[in-house]
Asks: 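Mind looking over this structure? Questions follow.
Read the numbers this way: they start at 1 and go in the same order the structure lists the ligands and their atoms. What you are looking at is a predicted structure, and each value in this text was computed from that prediction instead of being measured. Counting from 1, the numbers follow the sequence of the chain as shown. Note: hydrogens, waters and symmetry copies are ignored here, and every other heavy atom, side chains too, is used.
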Amino acid sequence: MSFKHYKKQFIYEEYAPLEKAAFVIFPVPYEMTVSYGSGTAKGPDAVIESSLQLELYDEEAGFEIWKKGFFTCEPFKYVKNEKEFFPKMEKAVEELLSSTEAFPFFIGGEHSVSQALIPPFAKKYKNLSVLHFDAHADLRPAYQGSAHSHASALYPISRTNKVVQVGIRSIGIDEKKFVNCGNVKTFLMHENLEIDKLIKKVLAELTDTVYLTIDVDGFDPSVMPGTGTPQPGGFGWYEALKLFKAVCLNKKVVGCDVVEVAPIKGSPITEFNAAKLIYRLAGYLSK
Ligand SMILES: [Mn+2]
């Protein structure tokens, strides 16, 4: 499989060729098991289009991050068939990891896509841990008849790899038994409101090599209102950035997904903020 350049480009029209790019943007507009609000299939394009409104200069990084090279791939073909989608997506990620050293940002799509995104990283990197930023624990073995539900996003990888959860403020009684059990460390939001203390604990729990999965509903809905199943009381913008920066500077972060952006017509806050988040993370990763 060759990775073709998408006609829409993240941040700047002058894209770097894949072999020179420091970052790959991989849109994954998969939407299948949404339980309430729909629209995550439109998330990747909305984020990419919003990125064109960002300043090329990042005021925190102090330089124009786009010059590191962002290669935007064609979106992974949206197949409305779980049995077909997940193995194909996983294979595509494996191929991406073997064809480039560039850091991948996957843009969802619903959170279940992480089930296909993370295993190739777990194969490539020994002792990979996952930082799971989310309002929901997503630890159900299956939900509404599907093991590939957004509510099951982290269950498979949590059977084999360390998963550290932050922002969690919605857990079903049926998934409670998987919380703080085995490989799973869960920092409930209401018990961890002091960000500096939380950061120390998170760094102590993560292994040296980390995959970052960001469900935008981990943020407070005032920051990311456009998402399928919002919950009150999430991370503020600067709190979350402080956490992500600490992880990027102290660990080897090898991949990231930003999922569950469901654009609201007439209010582009969520996709704008998600685009800024990706650009800012790229700055932290350019250290
Ligand atoms: Mn969630």
Side-chain angles (χ1 to χ4, degrees), residues 28-44 46-47 82 105-118 130-144 146-158 163-176 178-180 184-192 198 202 211-237 239-240 243-244 247 255-264 269-271 273-274 277-278 281:
V28 188
Y30 178 83
E31 177 176 354
M32 181 84 176
T33 67
V34 171
S35 40
Y36 182 70
S38 61
T40 56
K42 294 186 179 133
V47 174
E82 290 183 359
F105 284 106
F106 304 94
I107 310 178
E110 65 172 60
H111 206 166
S112 46
V113 298
S114 302
Q115 289 189 353
L117 304 178
I118 305 175
V130 178
L131 178 59
H132 174 210
F133 181 94
D134 202 323
H136 311 88
D138 287 353
L139 291 173
R140 291 175 166 96
Y143 188 63
Q144 295 178 338
S146 172
H148 295 303
S149 168
H150 63 96
S152 309
L154 272 291
Y155 179 76
I157 197 70
S158 73
V163 173
V164 180
Q165 307 188 300
V166 296
I168 310 301
R169 52 199 190 277
S170 174
I171 300 172
I173 190 76
D174 51 337
E175 64 187 333
K176 190 175 173 287
F178 301 111
V179 164
N180 281 321
V184 180
K185 179 67 193 175
T186 305
F187 292 106
L188 297 175
M189 192 72 199
H190 75 280
E191 292 177 350
N192 292 281
L198 176 64
V202 166
Y211 181 93
L212 186 52
T213 180
I214 302 175
D215 182 330
V216 295
D217 68 30
F219 284 95
D220 190 77
S222 58
V223 182
M224 300 283 190
T227 191
T229 45
Q231 284 287 323
F235 287 101
W237 175 250
E239 293 169 327
L243 169 68
F244 296 141
V247 173
C256 174
D257 62 58
V258 177
V259 297
E260 297 285 345
V261 172
I264 299 172
I269 300 171
T270 313
E271 49 268 35
N273 293 357
L277 174 66
I278 291 170
L281 290 173

Asks: With carbon and hydrogen excluded and only N/O/S kept, which atom of H136 is nearest the Mn ion (ligand 1)?
Replies: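 The atom in question is ND1.
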Asks: Got an N, O or S from H150 under 2.8 Å of the Mn ion (ligand 1)?
Replies: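 Short answer: no, not a single N, O or S atom is under the cut-off.
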Asks: Angle between ring planes, H150 versus Y143, binned at 30° and 60°: parallel, tilted or perpendicular?
Replies: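 Perpendicular, since the angle between the ring planes exceeds 60°.
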Asks: Would you give the angle at the Mn ion (ligand 1) between D215 atom OD2 and D134 atom OD1, to the nearest 10°?
Replies: 90°
Asks: Using every non-hydrogen atom in the two residues, find where A137 and L154 come nearest and quote the distance to one decimal.
Replies: O-CB, 4.5 Å
Asks: Has E175 got a side-chain atom pairing as donor or acceptor with L139's backbone, closer than 3.5 angstrom?
Replies: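 Looks like yes, one N/O pair under 3.5 Å.
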Asks: Kindly give the atom name of the N, O or S atom of D217 closest to the Mn ion (ligand 1).
Replies: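 Atom name returned: OD2.
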Asks: Between T213 and H111, does a side-chain hydrogen bond (donor to acceptor under 3.5 Å, both in side chains) hold up when you go through it step by step?
Replies: CA-CA 9 Å; T213 180; H111 206 166; 2.8 Å; yes
